[in-house]
A.B. asks: 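First the structure, which I've put down as structure tokens, then a few questions once you've had a look.
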Number of protein chains: 2
Amino acid sequence: MKKVTLKTIAEIAEVGVSTVSMSLNDHPNINPETKKRIKQIAKELNYVPNIIARAMVRKQTSLIGVVIPQIEGSFYPSILEGLEDIFTEKLFSTVLCVTNHSQEKEHFYMSLLCDKHVDGIIIEPSREFIGEIENFTPYLEKIPTIFTLQQYKPDSFTNVIVNNEKGGFLAGEHLAEACEERILFVGGPKGWYTNQRLKGFQVALEKKGRSLSQEDCHFTTRYTYEAGRKVAAEILSQKQDFDGIFAASDIMAMGIMHELREKNIRVPEDVSLVGFDDLPFVSMLEVPLTTVAQPQFELGNVMGQKLIEQIEEYHSTPELIVLEPTLIVRQSTRKRI
Amino acid sequence: MKKVTLKTIAEIAEVGVSTVSMSLNDHPNINPETKKRIKQIAKELNYVPNIIARAMVRKQTSLIGVVIPQIEGSFYPSILEGLEDIFTEKLFSTVLCVTNHSQEKEHFYMSLLCDKHVDGIIIEPSREFIGEIENFTPYLEKIPTIFTLQQYKPDSFTNVIVNNEKGGFLAGEHLAEACEERILFVGGPKGWYTNQRLKGFQVALEKKGRSLSQEDCHFTTRYTYEAGRKVAAEILSQKQDFDGIFAASDIMAMGIMHELREKNIRVPEDVSLVGFDDLPFVSMLEVPLTTVAQPQFELGNVMGQKLIEQIEEYHSTPELIVLEPTLIVRQSTRKRI
DNA sequence: TTGAAAGCGGTACCAC
DNA sequence: GTGGTACCGCTTTCAA
């Protein structure tokens with residue numbers, strides 16, 4: 001049971017290797033008869049083309065590098081599934097690179113991908129990485145690359161992002177309608193995501209004749225449950241005259257909700273709460289969370305599609321693709337009658 | 001700015017390609033002087049070895065195929081991170097294959113991996129797939145393969161699994177101490193996981209002088225939130241003389257918890273509830289869930305390690321590695337005074 | 001210590 | 001329509 005190659009088949013069929021190659025690749029000018037015969041033999045021998053050899057001459061690997069900061073957290077899985085969905089169809093495979101928010105790993109993976117000669121790269125740059133990534137732009141410019149979630153040089157690279165400002169706007173609009181007193185904003189670390197969401201939020205409130213003062217805005221250092229609890233505790237120790245909170249991530253919203261409950265503040269009766277992301281399980285919470293849904297699967301799908309287009313068209317102009325979030329109203333926001 | 005190959009360097013250094021190759025690979029019998037000189041040139045030219053070409057002659061790709069039924073659900077991410085952790089260290093890359101529980105995709109990916117000539121495979125067989133996978137065993141026997149979570153031919157392949165029976169036992173023991181009335185079991189579809197967990201659960205109850213009748217065992221068709229809700233509704237319509245439930249998955253436990261709450265049955269005051277998995281967010285629930293934790297990260301880490309061992313040692317004997325789960329007591333189970 | 005040459009398994013050009 | 005053959009970029013004998 002040794003490996004069967006084109007040569008093996010050629011010998012058995014008593015034809016040349018090139019004929020075999022062409023037959024198997026359905027090349028037009030080959031006698032259908034021969035084609036059929038050869039395919040038959042190939043099947044019988046259980047022939048499997050050696051992708052490596054093919055990759056070498058075709059100069060492409062059918063491999064796509066996907067660089068993300070983490071997998072945990074329920075947000076990335078859906079994106080990955082969206083990607084997979086389109087990749088499998090086109091016979092590309094995903095090479096997973098999880099940087100774990102470490103600069104060192106990001107560097108490591110980037111050079112790995114350049115070495116591995118992947119056909120394309122999808123990367124969500126972490127804030128800290130933006131500096132680091134500059135080192136690779138010369139490489140990246142020679143290989144189809146898509147940046148996602150966080151915008152990066154949209155003039156040079158295709159970006160597939162979510163309209164965070166719109167998301168903030170939706171949250172603001174909704175809370176403005178549900179609340180009578182002050183409405184608070186809880187962001188993560190100041191940066192792309194939080195700033196954009198805050199901006200839209202503010203616009204919406206103003207449009208509804210509400211205001212959002214400096215003191216109504218709170219920021220955490222990380223988008224975590226603990227950070228949410230902590231900031232909620234701080235808020236509660238300071239003021240009571242609010243009945244709405246927009247948290248810039250579902251995970252933080254969960255922390256906030258937990259803290260409120262411990263202080264006997266009911267959601268949504270006393271305080272309306274809106275999150276951001278629409279993680280798969282927030283609909284299963286005791287009080288299902290109203291939230292701004294990012295189109296996670298679609299994100300993956302769209303960027304996969306765009307990347308493949310770029311790979312196949314050899315060269316193409318960078319696009320800025322902005323996907324729209326949607327508001328999903330569940331039970332953490334009060335319904336005005 | 002064209003690609004630099006060994007040849008480029010050879011011409012500049014005025015030596016043969018093989019000398020360059022050997023120098024760059026630190027081959028022993030090459031003059032340290034030449035070596036240094038060549039390495040210098042390579043660096044200046046920003047030479048990057050073409051992994052594809054190397055792969056072809058070395059007949060290995062540094063790629064590992066990972067076949068799992070889904071990524072969503074928070075269980076797999078941790079496993080993947082455990083894997084990545086060890087793979088990056090050893091310079092292997094993960095080729096992600098998400099089958100989405102579809103037989104067709106499983107088939108597709110398996111043949112893809114065989115084609116792609118990955119150096120090793122890690123696979124969690126889904127129940128339905130076990131039949132399908134038989135078709136590939138001839139291939140798999142020629143390539144280091146590890147099966148995980150669900151046991152599969154431990155005589156032929158290394159298996160890295162979790163002691164599900166022990167997990168069930170821990171849950172049983174704990175509930176037996178917390179409860180005074182009947183204790184119920186809610187499993188997923190009958191099969192490896194559910195059966196093992198039930199077995200251990202039963203043993204524990206019996207050891208504590210409790211019994212578990214047929215009617216106390218319920219089974220769902222899927223490990224989902226909805227299934228949990230549904231089964232809880234059924235249970236509630238039938239009997240009231242219970243004060244403990246062991247659900248064979250956290251997600252189902254969440255559904256059960258939700259349904260109980262809607263019927264004004266308090267957890268843990270009225271009913272103690274134990275889950276299985278320890279998904280990252282169950283500690284953040286309104287009533288943090290007592291659950292049997294699977295060592296997710298460790299799972300990934302261990303199987304990564306074992307696989308690499310197998311790859312490097314060329315041949316090795318199959319091992320059956322069983323990791324132990326632990327009980328994490330949180331607030332969904334009543335504490336007896 | 002070095003280098004020429006033979007592949008690895010395909011693809012594709014160009015004669016026939 | 002078919003097949004011989006020259007690569008792709010690298011590793012690895014083996015002879016010099």
Side-chain angles (χ1 to χ4, degrees), chain A residues 1-42 45-63 91 114-119 142-143, chain B residues 1-39 41-42 45-63 91 112 114-119 142-143:
Chain A
M1 170 119 164
K2 32 186 347 198
K3 67 189 94 45
V4 306
T5 70
L6 286 187
K7 204 166 139 204
T8 327
I9 300 180
E11 277 162 10
I12 293 180
E14 297 184 306
V15 293
V17 268
S18 48
T19 312
V20 179
S21 171
M22 288 167 118
S23 301
L24 262 23
N25 289 320
D26 261 329
H27 195 96
N29 52 0
I30 269 261
N31 189 322
E33 290 293 300
T34 349
K35 220 184 259 189
K36 184 167 287 183
R37 192 165 62 90
I38 288 177
K39 281 189 177 174
Q40 177 58 21
I41 298 182
L45 261 49
N46 231 310
Y47 168 73
V48 166
N50 183 332
I51 305 249
I52 307 298
R54 177 179 295 168
M56 190 162 80
V57 33
R58 286 227 255 251
K59 274 153 187 4
Q60 53 145 308
T61 54
S62 299
L63 255 28
L91 293 179
C114 293
D115 287 14
K116 276 248 159 94
H117 296 238
V118 293
D119 291 348
K142 326 201 71 184
I143 164 177
Chain B
M1 171 116 167
K2 35 191 336 203
K3 68 190 95 45
V4 296
T5 70
L6 286 187
K7 204 166 140 203
T8 327
I9 301 179
E11 278 162 9
I12 293 179
E14 297 184 305
V15 293
V17 269
S18 49
T19 312
V20 179
S21 170
M22 287 166 120
S23 299
L24 263 22
N25 288 320
D26 262 330
H27 195 95
N29 51 359
I30 269 256
N31 189 322
E33 291 293 302
T34 353
K35 220 183 258 186
K36 183 167 286 180
R37 193 165 61 89
I38 289 177
K39 281 188 177 174
I41 299 181
L45 262 50
N46 230 310
Y47 169 74
V48 168
N50 183 332
I51 306 249
I52 307 299
R54 177 179 293 169
M56 189 162 78
V57 31
R58 285 227 255 252
K59 276 156 187 0
Q60 52 144 310
T61 54
S62 298
L63 255 28
L91 294 179
L112 187 77
C114 293
D115 288 15
K116 277 249 159 92
H117 297 237
V118 293
D119 290 349
K142 326 201 74 183
I143 165 176

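Chain identifiers are assigned alphabetically (A, B, ...) following the order of the sequence lines, protein sequences preceding nucleic acid strands; residue numbering begins at 1 within each chain. Keep in mind it's a predicted model, so treat the numbers as computed, not measured.
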A.B. asks: Want to settle it: does A/V48 or B/N31 sit nearer the 5' end of DNA chain C, counting the closest nucleotide to each?
C.D. replies: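 The residue whose closest nucleotide sits nearer the 5' end is B/N31.
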A.B. asks: Answer with yes or no whether A/S21 presents, from its side chain, a donor or acceptor under 3.5 Å of a partner atom in the base of C/dG10.
C.D. replies: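 For A/S21, whose side chain was compared with the base of C/dG10, there is no donor-acceptor pair (under 3.5 Å).
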A.B. asks: Between D/dG3 atom P and A/I9 atom CD1, what is the distance in whole Å?
C.D. replies: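 Rounding to the nearest Å, CD1 of A/I9 and P of D/dG3 are 14 Å apart.
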A.B. asks: State which of C/dG10, D/dC10, D/dG3 makes the closest approach to the side chain of B/R54.
C.D. replies: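 Selected nucleotide (nearest to the side chain): D/dC10.
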A.B. asks: When we call it a touch if two heavy atoms are under 4.0 Å apart, what does A/V20 touch: a base, just sugar-phosphate, or nothing?
C.D. replies: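 Since no nucleic acid heavy atom lies under 4.0 Å of A/V20, the category is nothing.
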A.B. asks: Looking at D/dT2, C/dT11, D/dG9, which one has an atom nearest to any side-chain atom of A/N25?
C.D. replies: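 The answer is C/dT11, which lies nearest to the side chain.
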A.B. asks: Roughly, in whole Å, what's the span from CD in A/Q60 to P in D/dC8?
C.D. replies: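 Taking atom P of D/dC8 as the reference, CD of A/Q60 is at 17 Å.
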A.B. asks: Does B/V15 offer a backbone N or O that forms a donor-acceptor pair with the side chain of B/T19 under 3.5 Å?
C.D. replies: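 Such a contact is absent between B/T19 side chain and B/V15 backbone.
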A.B. asks: Output the single nucleotide from D/dG3, D/dC10, C/dG9 whose closest atom is nearest the side chain of A/T19.
C.D. replies: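 It is D/dG3.
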A.B. asks: Provide, to the nearest angstrom, the distance between the NZ atom belonging to B/K7 and the C1' atom belonging to C/dA5.
C.D. replies: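 Checked: the NZ to C1' distance equals 14 Å.
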A.B. asks: Distance check needed: C/dC13 P versus A/R58 CZ, whole Å only.
C.D. replies: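 Checked: the CZ to P distance equals 12 Å.
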A.B. asks: Rounded to whole Å, how long is the line connecting atom CD1 of A/I51 with atom C1' of C/dG9?
C.D. replies: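 It is 12 Å, rounded to the nearest whole Å.
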A.B. asks: Under 3.5 Å, is there a donor-acceptor pair between the side chain of A/D119 and the main chain of A/Q60?
C.D. replies: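 Checking the backbone N and O of A/Q60 against the side chain of A/D119, no donor-acceptor pair under 3.5 Å is found.
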A.B. asks: Starting from C1' on D/dA6, measure out to CG on A/L6 and report it in whole angstrom.
C.D. replies: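 Answer to the nearest Å: 16 Å.
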A.B. asks: Is it the case that C/dG3 (base atoms only) and B/S18 (side chain only) share a donor and an acceptor within less than 3.5 Å, ignoring hydrogens and angles?
C.D. replies: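 For B/S18, whose side chain was compared with the base of C/dG3, there is a donor-acceptor pair (under 3.5 Å).
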A.B. asks: B/I52 has an atom CD1; how far is it from atom P of C/dG9, in whole Å?
C.D. replies: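 Whole-Å distance recorded here is 15 Å.
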A.B. asks: Checking A/K35 side chain against A/H27 main chain: does a donor-acceptor pair fall under 3.5 Å?
C.D. replies: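 Yes, because the side chain of A/K35 sits within donor-acceptor range (under 3.5 Å) of the backbone of A/H27.
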A.B. asks: Under 4.0 Å, counting only non-hydrogen atoms across every strand here, what does B/N50 touch: a base, just sugar-phosphate, or nothing?
C.D. replies: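 The answer is sugar-phosphate, as B/N50 gets under 4.0 Å only of primed atoms, P, OP1 or OP2.
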A.B. asks: How about A/I52 and A/T61: do any of their side-chain heavy atoms sit closer than 4.5 Å?
C.D. replies: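 The answer is no; the side chains never approach within 4.5 Å.
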A.B. asks: Does A/Y47 place a side-chain N or O at less than 4.0 Å from the phosphate oxygens OP1/OP2 of C/dG9?
C.D. replies: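 Answer no for this pair, as no side-chain N or O of A/Y47 is under 4.0 Å from OP1 or OP2.
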A.B. asks: Does A/N29 place a side-chain N or O at less than 4.0 Å from the phosphate oxygens OP1/OP2 of D/dT2?
C.D. replies: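 The answer is no; no side-chain N or O of A/N29 sits under 4.0 Å from OP1 or OP2.
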A.B. asks: Is there a side-chain contact between A/Y47 and A/I41 (heavy atoms, below 4.5 Å)?
C.D. replies: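 When only atoms from C-beta onward are counted, A/I41 and A/Y47 do not touch, as no gap falls below 4.5 Å.
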A.B. asks: Of the nucleotides C/dG10, D/dT12, D/dT11, which one has an atom closest to the side chain of A/V57?
C.D. replies: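 Side chain of A/V57 sits closest to C/dG10.
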A.B. asks: Nearest-Å distance, NE2 (B/H27) to P (C/dT1)?
C.D. replies: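 It is 10 Å, rounded to the nearest whole Å.
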A.B. asks: Just to be sure I understand the rule, does A/K59 reach a base, reach only the sugar-phosphate, or reach nothing, if contact means heavy atoms closer than 4.0 Å?
C.D. replies: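 Answer is sugar-phosphate: A/K59 comes under 4.0 Å of backbone atoms only.
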